[in-house]
Amino acid sequence: MVDRDSVSTIPAHFIFLGSVLQCAINRGWGGLSVSNQRSMSIKKSINKLVSTILSLKREFAVYILFVVPALFFLAVIVAKPTATLSSNSQPVLVHSVDSTGTQDSLSLDVWGNYAFTGNAAGKFYVLDHATTTGSGVHASLNIEAPVKDVIVTRDYAYLATGKDSGELIVVDTRQRDNPTIVGSYNAFGSASGLSLAVSNNRLYLGTANNSGANGKEFLVLDISNPESPGLVGSFEVGAQVKSIAIDNNKAYIVTSNTTAELRMLDISNPLAISLIATYNLPGNGIANAITHKNGFLYVVSNNGGSPQPDFFEFSTDNNFFTLVSSADLASDNNDIVVRAGRAFIATQTVGKQLTILDVSNPMSPVLFSTYNAGGASNKIKMNGPHIYLATGNNTQELQVVNPLVPLRILDINNDGIIRIGCLGDSNTFNWSRARWCDFLVQQIAVQTPVGNNSPAFTGATVTHNPKGGLWDAYGQMPMVLAAGVDVIILPFGTNDINLFHRTPEEIVAAYSENKATAEAAGFPVFIALTPPLQDGILGIPQPEREATNNLIKQTFPSEYIIDFSSTMIPEDYGDLVHMNNYGQFERARKAYERFLYSD
């Protein structure tokens with residue numbers, strides 16, 4: 001760290017230039033880290049040199065001002081983002097679960113510490129991916145028909161099935177160990193349910209080709225009452241609807257029609273859904289999945305063993321499908337998710353059942369890495385920091401994979417280890433149970449050397465606490481600053497709201513002051529949303545907490561906010577206030593997620 005007495009004698013403009021330089025080489029323009037060892041070595045050397053310059057007295061520092069422009073130019077070169085594949089960036093298996101039987105997992109969704117899968121034999125599973133003890137099968141339910149797709153909200157799972165009298169089945173999952181069928185919807189004809197999407201209180205169901213008199217394959221259902229879905233609109237596609245992506249008032253669907261695989265629908269009025277555009281993919285591959293992210297559409301198809309594109313990226317300006325780029329992955333691709341400039345693709349192709357592309361440049365997708373799942377990957381989801389695969393591997397139907405994308409946090413003090421400062425209250429101190437900050441270190445350790453320092457204390461607040469010392473963030477902050485940390489997390493709010501009745505404005509002001517203190521010392525700060533009390537999850541309103549979290553979201557950049565709130569469920573708590581190991585594990589996943597992804 002820089003000595004403050006020495007710094008005070010240096011001209012302000014010199015300090016500013018040095019700070020800008022260090023910001024450039026540490027963050028690499030836009031928060032990207034340098035990806036090769038030579039550049040990292042240069043970066044560390046420049047950091048040390050700048051720190052030395054800033055520590056000099058005025059009479060010495062002024063003689064080397066000319067060094068700054070040269071170093072700044074070098075920093076720009078070193079920190080320029082690169083797509084070079086680092087030697088340790090191959091995805092690694094974190095955890096797997098063997099669901100009973102020999103049937104492949106066909107469908108998948110993830111909420112918090114649980115994954116929800118379905119197979120061709122009509123079994124629906126609730127799988128625990130947070131613990132390595134036991135079988136991992138938390139519960140199962142007999143659906144009596146293949147489960148082709150599943151989407152989970154906080155309390156319910158919606159299943160697209162092959163059941164003639166229930167192409168959509170609703171399962172109450174509030175008791176994770178006892179899922180119960182509570183509703184269903186019988187679609188037109190006998191066509192099986194194939195695909196699902198949810199937006200607000202609308203569920204979109206795609207079915208197999210329905211040749212009956214009322215043959216509609218795209219349905220819009222109202223799920224404001226989850227246990228009684230009701231039809232509000234439908235559209236005849238004349239083909240299977242294999243995948244659905246929703247963006248505001250548009251639905252993008254993948255169909256089995258080989259001359260119009262992609263369709264764009266206007267769903268602004270569900271009673272009068274209309275076709276906007278179609279697109280015929282080049283080649284003879286079969287399109288399987290579509291997703292929408294940041295103004296682009298991503299589509300994957302079966303390659304069929306032919307040299308032809310099987311990955312496509314589109315823009316949708318002016319109500320047209322405009323092909324931006326494509327790539328031949330030489331694989332049969334089943335599903336896709338996109339996040340933070342990476343496309344994660346589930347494939348059937350041996351040896352690369354997970355394929356990751358760098359799509360940060362839309363015009364030029366580049367292979368980032370691959371992973372061997374030991375069986376076809378049928379569905380893919382991203383939850384927290386990890387990728388989840390529903391596979392045909394008979395002993396690992398669910399696989400949890402760390403994709404090892406670059407971290408957004410850096411070893412600022414260049415001591416060879418990233419140290420995380422975890423401030424907080426009893427849910428961080430948590431002396432009787434495992435701590436989320438320790439879980440966080442365990443998760444990141446597969447990627448880089450990491451440690452933590454936590455002066456958290458029971459009853460602590462982010463606002464000034466009458467007891468002082470470790471009882472508030474103002475007392476905890478000097479301890480982590482002196483401990484050589486590289487990044488700081490501020491997770492408070494519960495005691496501020498419930499014990500001292502602080503207003504949202506007072507809480508956010510205290511966060512801002514502590515954030516400024518850390519950033520003045522050169523350390524990035526992440527602020528966590530205040531978690532609900534257990535009764536809040538059960539439906540009792542907590543307006544003060546909600547108002548505080550809303551103000552946090554309005555005040556601080558989203559890429560530096562950690563969500564300790566929205567995914568918590570009653571099973572994450574040991575009592576009304578304190579989280580058990582499941583809750584602690586979920587907090588760790590959310591922190592790691594933000595360290596990896598800015599969106």
> Indicate whether the side chain of Asn361 and that of Ser364 have a donor and an acceptor atom separated by less than 3.5 Å.
no

> With sequence neighbours excluded, tell me which residues meet side-chain hydrogen bond (donor to acceptor under 3.5 Å, both in side chains) with Gln442.
none

> Side chains of Ser315 and Asp317 only: does a donor on one sit below 3.5 Å from an acceptor on the other?
no

> With side-chain contact (heavy atoms from CB on, under 4.5 Å) as the criterion, how do Asn113 and Asp572 come out once you've worked through the C-alpha distance, each side chain's angles and the decisive distance to 0.1 Å?
CA-CA 9 Å; Asn113 292 315; Asp572 293 331; 3.5 Å; yes

> With sequence neighbours excluded, tell me which residues meet ring pair (Phe, Tyr, Trp, His ring centres under 6.0 Å) with Phe585.
Phe439

> Look up atom OG1 in Thr428 and atom CE in Met579, then write down how far apart they are to the nearest 0.5 Å.
9.0 Å

> If you measure from CG on Asn414 to CD1 on Ile417, what distance do you get to the nearest 0.5 Å?
13.5 Å

> Determine whether Leu389 and Gln353 make a side-chain contact, defined as any pair of heavy atoms from C-beta on separated by less than 4.5 Å.
no

> Would you give the length of the straight line joining atom CG of Asn427 to atom CZ of Phe564, rounded to the nearest 0.5 angstrom?
9.5 Å

> Do Tyr125 and Glu397 get their side chains close enough for a donor-acceptor pair, meaning under 3.5 Å?
no

> Would you confirm whether Asp486, through its side chain, and Arg419, through its main-chain N or O, come within 3.5 Å as a donor-acceptor pair?
yes

> Checking Tyr298 against Glu313: is there a side-chain donor and acceptor pair closer than 3.5 Å?
yes

> Please tell me if the side chains of Phe523 and Val487 come closer than 4.5 Å, counting only heavy atoms from C-beta onward.
no

> Suppose we screen for side-chain hydrogen bond (donor to acceptor under 3.5 Å, both in side chains). Which residues come up paired with Tyr388, at least two apart in sequence or across chains?
His129, Arg589

> Is Asn452 reaching over with its side chain to a backbone N or O of Cys437, donor-acceptor style, under 3.5 angstrom?
yes

> Nearest heavy-atom pair of Ser377 and Thr391: which atoms, and what distance?
OG-CG2, 4.2 Å

> For the backbone of Arg176 and the side chain of Glu571, can you confirm whether one donor and one acceptor N or O come within less than 3.5 Å of each other?
yes

> Quick check on Met382: does its CE atom have over 12 non-hydrogen neighbours (other residues, nucleotides or ligands) under 6.0 Å away?
yes

> Does any donor atom in the side chain of Arg545 or Ser565 lie under 3.5 Å from an acceptor atom in the other side chain?
yes

> Testing the 3.5 Å rule here: is there a donor-acceptor pair between the side chains of Thr567 and Glu586?
yes

> Verify, without hydrogens or angle tests, whether Asn383 (side chain) and Ile387 (backbone) share a donor-acceptor contact under 3.5 angstrom.
no

> Relative to each other, are the rings of Phe526 and Phe595 parallel, tilted or perpendicular (30° and 60° limits)?
perpendicular

> Regarding Arg342 and the six-membered ring of Phe368, is the cationic atom NZ or CZ under 6.0 Å from the ring centre and inside 45° of its axis?
yes

> Do Asn302 and Asp310 have side-chain N/O donor and acceptor atoms under 3.5 Å apart?
no

> Should the pair Tyr114 and Tyr582 be assigned to parallel (<30°), tilted (30 to 60°) or perpendicular (>60°) ring geometry?
parallel

> Only one of Phe312, Tyr252, Phe314 clears ring-ring contact (aromatic ring centres under 6.0 Å, His included) with Tyr279; which?
Phe314

> After noting the C-alpha distance and the side-chain angles of Asp247 and Lys250, does the key distance pass the salt bridge (Lys or Arg N to Asp or Glu O under 4.0 Å) rule?
CA-CA 5 Å; Asp247 180 39; Lys250 293 179 182 176; over 6 Å; no

> Any donor-acceptor pair under 3.5 Å linking the side-chain atoms of Asp98 with those of Ser96?
no

> Quick check against the 3.5 Å criterion: does Thr355 have a side-chain atom that pairs as donor or acceptor with the backbone of Lys352?
yes

> Out of curiosity, Ile151 CD1 to Asp109 CG, how far, rounded to the nearest 0.5 Å?
6.5 Å

> Between Asp328 and Asn303, is any side-chain donor less than 3.5 angstrom from a side-chain acceptor?
yes

> Please check if the side chain of Asn333 supplies one atom and the backbone of Ser301 the other of a donor-acceptor pair under 3.5 Å.
yes

> Kindly compute the distance separating CG (Asn294) from CG (Asp599), expressed to the nearest 0.5 Å.
6.5 Å

> Would you say the side chain of Val401 lies within less than 4.5 Å of the side chain of Leu354, judging by non-hydrogen atoms?
yes

> Do Ile345 and Leu329 touch side chain to side chain, with heavy atoms closer than 4.5 Å?
yes

> So Gln399 and Tyr371, side chain to side chain donor-acceptor pair (under 3.5 Å) or not? Walk me through it.
CA-CA 11 Å; Gln399 298 186 33; Tyr371 167 81; 2.7 Å; yes

> Does Asp425 reach the main-chain N or O of Phe492 with its side chain, forming a donor-acceptor pair under 3.5 Å?
no

